[in-house]
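In this chain, numbering begins with 1 at the start of the sequence shown. All of these numbers come straight from a predicted model, not from anything done at the bench.
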Amino acid sequence: MNGKNNQKPTLSVFQIAIMTTIAVASLRSLPAMAVMGRASIIMYLVPALVFLVPTALVGAELGTTYKGGVYVWVREAFGNRFGFVAVWLQWIQNVVWYPIQLAFVAAAIAFTVGRGDLSDSGLYTGIVVIAVYWLATFLALRGGSLFAKVGSIGGLIGTLIPAGILLVLGAMWLGTSQPITSDFTQSSFLPPIAGVSSVVLLVSNVLSYAGMEMNAVHAGDMKDPRKGFTKAILVAFVLILGIFILPTLAIAIAVPASQIGMANGIMVAFQTFFEAWNVGWLSNVLAGAIAFGALASVVTWVAGPSRGVMDAARTGLLPPVLQKQNKRGVQVGILIPQAIIVTLLALIYVLVPNVSDVFLALIGMAAALYVVMYIMMFAAAMVLRRKEPNVKRGYKVPVLSFIAGVGLIGCVLAFVMSFFPASGETAFPTAVYPLVVAGVVLVLGVPPFIFYAVRKGKWDMRSAEEKADTSEHE
């Protein structure tokens with residue numbers, strides 16, 4: 001049931017907390033919410049209550065009880081097939097997400113060298129995405145605790161410190177009587193609800209908090225995971241809310257909504273603040289720090305989901321060629337094909353430079369699959385509490401049925417809403433949008449069922465002891 005881990009503990013509470021924070025809280029998402037002014041508070045708080053809180057609590061119980069991440073959690077409850085499906089959905093959504101996050105890195109690098117205009121170049125963006133992702137893959141292939149060190153340092157330099165600086169700049173802006181944007185002063189604390197598209201925007205924001213469970217796969221690498229992982233999740237929860245809400249408000253008071261772009265909005269915000277005090281060059285420094293932090297988030301995600309896929313693959317669910325590991329025990333058979341897929345996706349930036357709307361739509365659609373993974377996770381927690389009530393749990397969620405039920409209902413609603421375009425979505429005609437979503441869900445979600453159907457006994461690479469440990473779930 002619980003996998004054995006003979007490796008020496010290498011990760012601290014601080015490292016897990018920072019890794020989780022940067023895996024969830026991205027400065028890239030702040031400008032999109034800043035345009036809503038005061039309403040951004042509700043836009044963050046509602047999803048936090050119906051998704052982040054349940055995910056954090058349920059993830060803490062599962063992560064400190066069953067080592068191995070979402071694959072093991074769902075496998076323990078529903079069997080090996082659905083465990084594989086769950087970790088596949090976690091993995092494939094991130095493969096599509098990488099080019100979006102790395103496009104943000106490309107924009108940050110452009111501002112770092114004083115060439116913000118390059119952020120609009122498809123050729124430049126594609127080259128940076130490919131180069132940076134292969135660098136992240138190389139770091140992941142090094143194994144050990146290198147990814148954790150990069151993630152922790154990158155999280156501090158590129159996410160936590162810039163978020164803190166935004167808070168200070170916002171306070172200084174108010175304290176020095178700088179003009180507050182009319183977009184902010186005229187905004188309401190309640191988000192505008194004008195039809196289904198506005199509801200979609202609110203509900204779909206649950207995935208701003210996706211990833212709280214991801215680093216549970218590393219809980220076994222802590223000295224005392226039962227206590228340490230729970231503390232790490234609590235610290236990450238507080239940091240994530242702080243990084244999202246307060247810096248967003250700081251941006252909203254200083255930068256007019258019309259000047260906030262999706263890819264470069266955070267850099268424009270720093271420029272606005274620093275140029276007001278004639279130290280515009282500092283915006284270049286912060287852009288470099290943000291680029292490093294975004295890279296760190298990619299490194300963190302490269303290591304997590306792909307490791308979970310490998311755990312499932314070794315039970316005979318993927319061909320041996322995809323199960324290869326290097327001498328450091330890193331899943332090279334999955335990381336290399338993953339990097340090739342990301343490279344092919346990045347080429348779209350080069351071939352069709354004006355595809356940002358399409359990419360944003362596709363990542364939202366792929367996120368629908370991620371929501372299904374969370375539905376499976378919440379359901380698994382409730383089933384395991386009934387199925388294995390006597391298993392010692394490092395952390396036990398109070399009123400689990402209610403907490404997990406809230407998260408499950410929120411995810412079901414988010415999945416349904418994913419078939420409707422959000423307010424401002426222009427990539428596809430409204431009538432065609434549901435069909436495109438259904439196509440993406442099928443293309444990306446069906447492969448694990450196919451692999452399971454055609455699996456062969458010789459694909460099983462586990463030892464006799466490992467087979468005996470999981471046979472009841474197959």
Side-chain angles (χ1 to χ4, degrees), residues 21-35 93-136 150-151 154-155 157-163 165-166 205 207-211 240 243-244 247-248 251 255 259-271 283-302 342-343 345-350 353-364 366-367:
T21 299
I22 64 174
V24 175
S26 170
L27 296 181
R28 179 179 62 84
S29 64
L30 302 188
M33 288 296 104
V35 299
Q93 190 273 341
N94 283 285
V95 173
V96 182
W97 167 83
Y98 292 129
I100 299 296
Q101 178 72 349
L102 288 173
F104 175 63
V105 173
I109 293 174
F111 276 83
T112 301
V113 298
R115 288 293 308 276
D117 58 296
L118 288 176
S119 62
D120 295 322
S121 168
L123 177 62
Y124 163 78
T125 300
I127 292 173
V128 173
V129 169
I130 293 171
V132 171
Y133 189 79
W134 279 98
L135 173 61
V150 171
I157 295 177
T159 301
L160 299 182
I161 292 177
I165 292 175
L166 271 176
N205 204 38
L207 287 176
S208 294
Y209 298 105
I240 290 165
I243 289 173
F244 275 148
T248 295
I251 295 173
V255 186
Q259 297 180 19
I260 301 176
M262 289 296 294
N264 59 9
I266 194 72
M267 275 71 76
V268 170
F270 277 116
Q271 276 189 332
S283 63
N284 300 75
V285 176
L286 264 296
I290 291 169
F292 183 63
L295 170 61
S297 71
V298 173
V299 172
T300 301
W301 277 98
V302 166
V342 172
T343 299
L345 289 174
L347 288 177
I348 300 179
Y349 280 117
V350 178
N354 299 318
V355 296
S356 59
D357 287 341
V358 176
F359 254 112
L360 289 174
L362 289 177
I363 192 64

About how many Å separate [atom2] of [Y] and [atom1] of [X], when rounded to the nearest 0.5 Å?
X	Y	atom1	atom2	answer
Ile290	Phe104	CD1	CZ	5.5 Å
Tyr133	Leu102	OH	CG	8.5 Å
Leu347	Leu123	CG	CG	10.5 Å

Shortest non-hydrogen contact between [X] and [Y], atoms and distance:
X	Y	value
Ala163	Pro247	O-CG, 3.8 Å
Ile130	Ala346	CG1-CB, 3.6 Å
Tyr124	Leu118	CD2-O, 3.1 Å
Ala291	Ile109	CB-CG1, 3.9 Å
Val342	Val95	CG2-O, 3.9 Å
Ala103	Val129	N-CG2, 3.8 Å

Could you give all pairs that pass the salt bridge (charged side-chain N to carboxylate O under 4.0 Å, His left out) test and reach residues 104-115, with sequence neighbours left out? Arg115-Asp117
Can you name the side chain to side chain contact (heavy atoms under 4.5 Å, CB included) partners of Thr112, sequence neighbours left out? Ala287
Test side chain to side chain contact (heavy atoms under 4.5 Å, CB included) applied to Val255 - qualifying residues, sequence neighbours left out: Ile251, Gln259, Ile260, Val268, Ala269, Thr272
Sorted by chain and number, sequence neighbours left out, side chain to side chain donor-acceptor pair (under 3.5 Å) with Thr125 holds for none
Is there a side-chain contact between Phe270 and Leu166 in this structure, where contact means two heavy atoms from C-beta onward sitting under 4.5 Å apart? yes
Non-neighbouring partners of Tyr209 that pass ring-ring contact (aromatic ring centres under 6.0 Å, His included), sequence neighbours left out: Phe244
